[in-house]
Structures are given as structure tokens and as C-alpha cells.
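Notes follow the structure.
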Amino acid sequence: MGLVILGVHALLIICPGTAYAGPTPAATGDVNSELPWHPAVLDPQGNLLAWYRPQQNLGFDEVLHLGWDFIEHKIPDETGTKLKTYIVNSVFNGDTLQGSYWQSNPAMTFGSFVDSAAAWYPYSGDRDAIRTVGTMLDYVLAHGTTPANWNWARVPFPTGCGNQPGYGRCLSDEPKSFYGGIEPDKVGELGIGYALYYEMTGNRKYLAAAIDCGNALAAHVRPGDDTHTPWPFRVNGRTGATLDGETFGGIVVSPLRLFDALISLRAGDVNAYKRARQMAWTWLDSHQLNPQSPTYDDWSGYFEDVQKDQNNVNQAAPTYTALYLLNLPDPGAVDPQWKTQVEHLINWVKQHFGVGPFYGATGINEQGPRSGGSYLCCSSSGLGSDTARWAAVNALYYAKTGDTQAKENAIQSLNYATYFADSDGRISCCGQSFGAIQYWFSDGYSDYLRSFNWSMAAIPELAPDGQDHLLGSTSVVQKVTYGHDRITYRTFDADATDVLRLAFRPLTVTAGGQPLIERDDLSGQGYTIQRLGGVDFVLRIHHVHSGDVQVAVNAAATATADGGSTILLILLLTGLVLVGLILLLVYRGPVRSRVRSLPRISKRPPG
């Protein structure tokens with residue numbers, strides 16, 4: 001979306017990161033005038049909780065289920081076409097569910113949908129999400145990719161005209177009829193989507209598409225300076241010429257993500273990707289991340305429907321940059337100043353785009369002038385996706401550093417972000433004042449949903465109580481099966497680290513059929529277990545030689561979720577022996593003919 005038109009309370013939010021287990025939360029009036037769909041639910045200290053069953057940590061889970069069900073099952077075909085509305089428009093009307101904007105933005109929306117599906121599927125086992133996103137990518141490959149003989153060859157167009165089946169037109173600053181506009185950062189954004197989807201499915205046509213994107217970006221990278229980013233913000237894909245003098249702008253880390261993936265896969269021209277990656281990172285580190293540079297914090301240019309204005313900065317570029325650093329296996333190896341820089345980005349976004357607080361929670365707005373003027377674009381409530389993404393940055397920063405303020409930021413803003421979702425699956429970008437154009441497939445779904453999964457993986461205490469979920473992995477998860485006494489899954493990478501929240505203490509953890517051992521840390525292959533209280537545990541697994549993992553529970557041995565399970569098992573077996581002896585003495589017949597099979601003992605403790 002791109003319409004042009006935050007005191008420490010860590011001890012007051014009921015042990016942040018845990019389910020609210022106190023008295024029934026109070027329901028008040030609306031959280032603010034823009035978000036009327038649910039009354040604000042507060043804890044006894046007056047802090048905002050998620051609107052759906054916060055006592056069981058079900059608020060984020062509910063929003064995820066509502067959003068994915070809506071995309072998978074409720075979006076109709078656009079009138080006059082046999083295409084889902086999200087194929088041909090970036091916005092749908094909340095009443096008719098038909099497209100209601102002048103533009104579509106497939107590259108950004110579909111690329112971020114892959115991110116969301118990659119995070120949602122391990123958590124849910126929902127393969128419909130994978131299939132749905134696949135239809136989006138297939139459509140771009142067939143109808144939204146530049147010709148092979150263009151200067152920017154075989155890369156995705158960022159836009160199309162609203163409700164039209166073809167892509168390549170309706171790019172801001174150009175006549176709607178102009179065909180061929182490209183935004184290089186969107187080439188990276190959908191390019192990494194192709195790479196991830198290849199890892200999910202094994203279908204090499206998506207890898208080939210990712211390589212095409214990587215090749216084009218590597219061929220056009222430049223060192224950059226104070227007036228030139230490593231790629232122009234907008235170019236003529238046919239000729240390679242910069243459009244309308246837009247030499248500066250876009251999100252540099254989106255191409256970096258793609259280069260990192262292709263290098264890891266050893267796919268395509270790896271040497272060219274390494275060179276381009278280093279050139280682009282050097283510019284980013286020495287300019288937008290450098291306090292001594294004139295372009296420090298010049299996070300301008302991202303939205304496909306916004307005209308050129310380098311004084312108009314946004315929150316997407318800095319939060320994407322922070323997420324990139326936080327998801328590196330070893331951020332310090334790439335950026336020795338990563339902690340300082342990520343903390344600065346968190347604070348800068350809040351300072352420039354924060355709204356509220358709403359019962360202690362900060363909302364985040366989208367864009368505004370770099371200096372002077374108002375930063376309230378586009379809503380007095382902020383945007384759900386931008387708020388949730390800022391929260392996810394805080395969650396990952398807490399997971400890396402232990403910063404408790406970041407944890408509080410994450411929890412409160414995620415709670416607030418749930419209020420953008422109605423109970424029927426419609427999720428507003430920014431509040432009811434936007435009327436017929438408040439429902440964006442990006443801001444309400446692709447860029448919104450993923451942040452809840454990312455945050456639960458970073459802070460497992462935020463996941464639902466009493467449920468079993470694979471929250472995340474350093475690898476793409478290709479397959480997951482939830483059974484009554486085990487979870488089995490397969491990661492793309494043999495060497496990966498995974499995090500699960502479980503309602504049982506696992507007795508066996510295997511990778512490639514070989515048992516793993518419990519360890520104090522994950523410096524080597526094995527697993528760690530952290531008890532959350534009650535019956536729930538956090539299991540972290542580091543497997544090295546195989547991505548085929550099984551986590552299993554023996555029902556009798558886990559009738560209690562603590563060290564008493566072994567004692568209970570001994571007592572149970574002793575009792576069974578005594579019963580058998582008594583029956584033998586009384587009836588003098590075969591025990592097996594008199595004693596029926598024992599009832600199965602639940603894996604969860606009573607009560």
C-alpha cells in the first residue's frame with residue numbers, strides 16, 4: 001500500500017510473553033475510532049490484550065486462521081474473468097470482494113505471500129496455503145514476466161492495471177498505458193519468493209525463475225553514491241534506462257536475500273551473485289546505515305503507487321533491513337555493528353511513524369516526510385501490517401539479545417495488530433475511514449500474517465497453550481505431519497535448527513532415524529528442552545546430517561509432564577503385575593483370557 005494523502009512497563013503486563021492466566025480480562029469500548037470490530041480487551045493494569053481468548057494465547061492463532069481461510073476459500077473470481085481478485089487487483093471491496101483500486105502489485109504481494117506460507121505451513125500443516133500461493137507464482141511466470149530479449153530479461157513486473165489480466169502497466173509516474181516499468185527491489189522480493197517456493201516444493205521451474213531474477217540484478221548492480229542506490233528505484237525494463245530520474249530508492253536487502261539464497265543453493269552464477277551482494281551491502285553499510293553519511297536513514301522509495309519524492313520516507317525499508325540482519329546465521333560476521341544498528345532502526349521507526357499509545361500499545365504508520373510535516377500517512381490508527389512487522393523486528397531482536405523492552409514492544413504491538421482483523425476474515429489495512437479501499441491483499445494478508453508466525457518462533461511463549469506447533473526453522477519446511485503421539489517433518493536443509501512448542505515432554509527425538517541427545521546448548525547436534533509451566537515445553541532441535549525429524553511421546557511415560565513420569569510408570573507396572581498375580585490365583589486360568597487390554601493413558605496430565 002502507498003496512498004499519499006512510543007516508559008518501561010515490563011513488570012506491568014502480566015509477565016510478558018506468557019498467557020494471561022488472571023481474572024477474566026475486561027472488555028471496554030473500541031480500541032480507537034478506526035478499529036470498531038472488537039471491544040478492547042485489557043488486563044487489570046489497563047494494558048491491551050489480543051481480542052480473542054488471551055487467557056490461552058489464542059489471539060495470534062485466531063488471526064492467522066481467519067486470514068488464511070479467507071484467502072484460500074472466500075476470495076471470488078473477479079467479475080468477467082476466471083481469475084481470483086488477488087491476481088488482478090491489490091485491493092478488494094469489503095462488501096463485494098471485487099477489485100477496487102486502479103493498480104495491482106503482484107511482485108511485492110506474491111513474494112510476501114511466499115514468506116507467509118513458508119512460516120504458516122510448519123505451524124499449521126495447511127497445504128492449501130502452499131497450493132494457493134503456487135497459483136499466484138504460476139500466473140506471474142505465465143503472464144507477468146519481461147521478454148527474454150529485454151535489457152531486464154525474464155523478471156517480474158511490479159504492477160498491472162486494476163482488474164486487468166496482464167501486468168506491466170500502471171506504474172506510478174508513468175502514463176497508465178506505458179508498458180515495461182520495473183522496480184529492481186521487487187525483482188529481489190519476488191525472486192526470493194521463487195527460491196523459497198522451490199525449496200518448499202522441489203519444482204525446479206521456480207529455481208530457474210529465481211536465477212533469472214538474480215542474473216538481472218547482478219548484471220545491473222553499481223557501486224552507488226549519495227545520489228544513487230545500487231539499483232535505480234524504477235527502470236525501463238526494455239531499455240534499462242532509469243525512469244523519471246529515480247536513481248535513488250527501494251529496499252536494498254530484498255536483492256541481498258535473493259543472492260544469499262542462490263549462493264547457499266549453489267545455483268546460477270554464484271561468483272556474480274557474491275560480487276553483487278558485496279557491492280550492494282557495502283553501499284548500504286556506508287550510506288543508509290552510516291551516521292556520517294548524508295543518506296543516513298534516507299529510507300525513501302518503495303510503494304508502486306507513490307510518485308517520486310526522496311523526501312518521503314517509509315518504515316518498510318528500515319524494518320526489512322532489520323529483519324535481514326536479524327535472520328542472518330551470524331549477524332556479527334557480516335555487520336559488527338548489527339546490534340546498534342537494529343536498535344536504532346527500531347527506535348527510528350517508532351519515533352517517525354509511531355501512533356498511540358493505545359492502552360500501552362504502539363501502532364506504526366506507513367510513510368511521511370523526512371523532515372517537517374506530519375507522519376500520519378496513512379491513518380490515525382497506523383497500519384496493521386506495519387505495526388505487526390515492527391513488532392516482529394522487536395521479537396527477533398529480543399530473541400537475539402534478551403532486550404526486555406523489545407519483548408514488551410513486540411507483545412503489545414502484536415496484541416494491537418490483531419484488532420485490524422474482523423471475525424469473518426476481512427483484515428483492514430488501516431481502519432474504517434478508508435472505506436472501499438481499506439482491504440489490501442498486502443497490508444491485510446501477505447505482509448501482515450507472516451509477522452505473527454515470525455514472532456511466535458522468536459518468542460515461543462506467545463504460541464497457544466496446550467497445543468503442539470512447529471513454530472519455525474532456519475530452513476524451509478517441506479512437509480509436516482501432526483499425529484496423536486508424534487510430530488514428523490522434513491526440512492530442505494539437512495543442517496538446521498528448529499523450534500517447537502509442545503503440550504508434552506518428548507521422549508524421543510530423531511533425525512534421519514537416528515536418536516538425538518538432550519544437550520545444554522545447540523553448539524552440536526541434539527536438542528534442548530525448556531519448560532514453560534503447566535504442561536507446555538519449548539523444544540529446540542539442531543540436526544546436522546538429515547532433515548527428516550520425528551518428535552515422539554510414549555503415552556504412559558508422559559502421563560505427567562515432569563520428572564515424576566518415571567515413578568508413575570514404575571508404580572503402574574508394579575500394579576499391573578500384582579493384578580495379574582491375583583487374577584491367576586483366583587481364577588487359575590490364563591491371565592490373558594480374563595484381562596482385557598489396558599486403557600490408553602493420556603499423554604497429558606490430569607487437570
Side-chain angles (χ1 to χ4, degrees), residues 107-122 130 133-134 136-137 140-141 145 154-156 183-221 230-231 250-281 284 320-331 333-335 396 446-447 450 453-454 457 472-478 490-498 547:
M108 178 273 163
T109 300
F110 300 167
S112 51
F113 258 126
V114 178
D115 263 341
S116 283
W120 166 245
Y121 171 68
I130 305 298
V133 172
M136 301 175 187
L137 303 188
V140 175
L141 289 175
T145 302
R154 295 187 293 269
V155 299
E183 292 184 348
D185 64 339
K186 308 310 185 299
V187 174
E189 200 160 359
L190 187 51
I192 184 60
Y194 288 140
L196 292 174
Y197 202 77
Y198 158 69
E199 294 184 358
M200 287 185 215
T201 65
N203 190 325
R204 297 187 69 85
K205 76 175 181 181
Y206 303 108
L207 178 60
I211 291 171
D212 286 338
C213 293
N215 289 344
L217 289 164
H220 291 90
V221 71
W231 298 273
I251 297 181
V252 174
V253 296
S254 293
L256 294 187
R257 284 186 69 197
L258 174 58
F259 290 145
D260 288 348
L262 293 174
I263 292 167
S264 177
L265 289 166
R266 300 179 183 177
D269 191 344
V270 172
N271 288 332
Y273 306 151
K274 289 180 177 179
R275 171 185 168 274
R277 187 211 170 281
Q278 186 58 46
M279 187 179 294
W281 168 254
L284 179 64
Y320 274 48
T321 301
L323 286 168
Y324 174 74
L325 293 171
L326 289 165
N327 279 290
L328 291 171
D330 181 6
V334 174
D335 180 8
L396 269 71
S446 69
D447 184 34
R450 58 185 178 178
N453 283 118
W454 288 345
S473 173
T474 57
S475 173
V476 163
V477 175
Q478 296 182 309
R490 181 177 66 243
T491 59
F492 177 82
D493 297 310
D495 189 345
T497 301
D498 319 318

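Remember, it's a predicted structure, so these values are computed and weren't measured experimentally.
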Which is it for Asn327 and Trp454 under the side-chain contact (heavy atoms from CB on, under 4.5 Å) test, yes or no, and what are the steps along the way?
CA-CA 10 Å; Asn327 279 290; Trp454 288 345; over 6 Å; no
Shortest non-hydrogen contact from [X] to [Y]?
X: Leu217; Y: Pro184; value: CD2-O, 3.5 Å
X: Leu190; Y: Gly111; value: CD1-N, 3.6 Å
X: Pro331; Y: Leu325; value: CG-O, 3.3 Å
X: Phe492; Y: Glu199; value: CD1-O, 3.6 Å
X: Asn203; Y: Tyr198; value: O-CD1, 3.3 Å
X: Pro122; Y: Ala117; value: CD-O, 4.3 Å

[atom1]/[X] to [atom2]/[Y] distance, rounded to the nearest 0.5 angstrom?
X: Asp330; Y: Asp335; atom1: CG; atom2: CG; value: 11.0 Å
X: Arg490; Y: Ser473; atom1: CZ; atom2: OG; value: 13.0 Å
X: Asp498; Y: Ser475; atom1: CG; atom2: OG; value: 7.5 Å
X: Ile130; Y: Thr201; atom1: CD1; atom2: OG1; value: 9.0 Å
X: Thr474; Y: Asp495; atom1: OG1; atom2: CG; value: 7.0 Å
X: Thr109; Y: Glu189; atom1: OG1; atom2: CD; value: 8.5 Å

Asp447 backbone acceptor or donor facing Ser116 side chain under 3.5 Å
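Pair absent, no side-chain N/O of Ser116 close to backbone of Asp447.
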Measure from the side-chain N and O atoms of Tyr197 to the backbone N and O of Ala118, and report whether any donor-acceptor pair falls under 3.5 Å.
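Checking the backbone N and O of Ala118 against the side chain of Tyr197, no donor-acceptor pair under 3.5 Å is found.
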Between [Y] and [X], is there a side-chain heavy-atom distance shorter than 4.5 Å?
X: Val221; Y: Arg275; value: yes
X: Trp281; Y: Val252; value: no
X: Asp212; Y: Val155; value: no
X: Ser254; Y: Ile192; value: no
X: Leu137; Y: Phe110; value: yes
X: Val270; Y: Lys274; value: yes
X: Asp115; Y: Arg257; value: yes
X: Leu284; Y: Val253; value: yes

Working for side-chain contact (heavy atoms from CB on, under 4.5 Å), residues Val114 and Met200
CA-CA 10 Å; Val114 178; Met200 287 185 215; 3.6 Å; yes
Using the six-membered ring wherever Trp is involved, compare the ring planes of Tyr194 and Tyr206 and label them parallel, tilted or perpendicular (cut-offs 30° and 60°).
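Plane angle under 30°, so parallel.
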Between Val187 and Trp231, does a side-chain contact (heavy atoms from CB on, under 4.5 Å) hold up when you go through it step by step?
CA-CA 11 Å; Val187 174; Trp231 298 273; over 6 Å; no
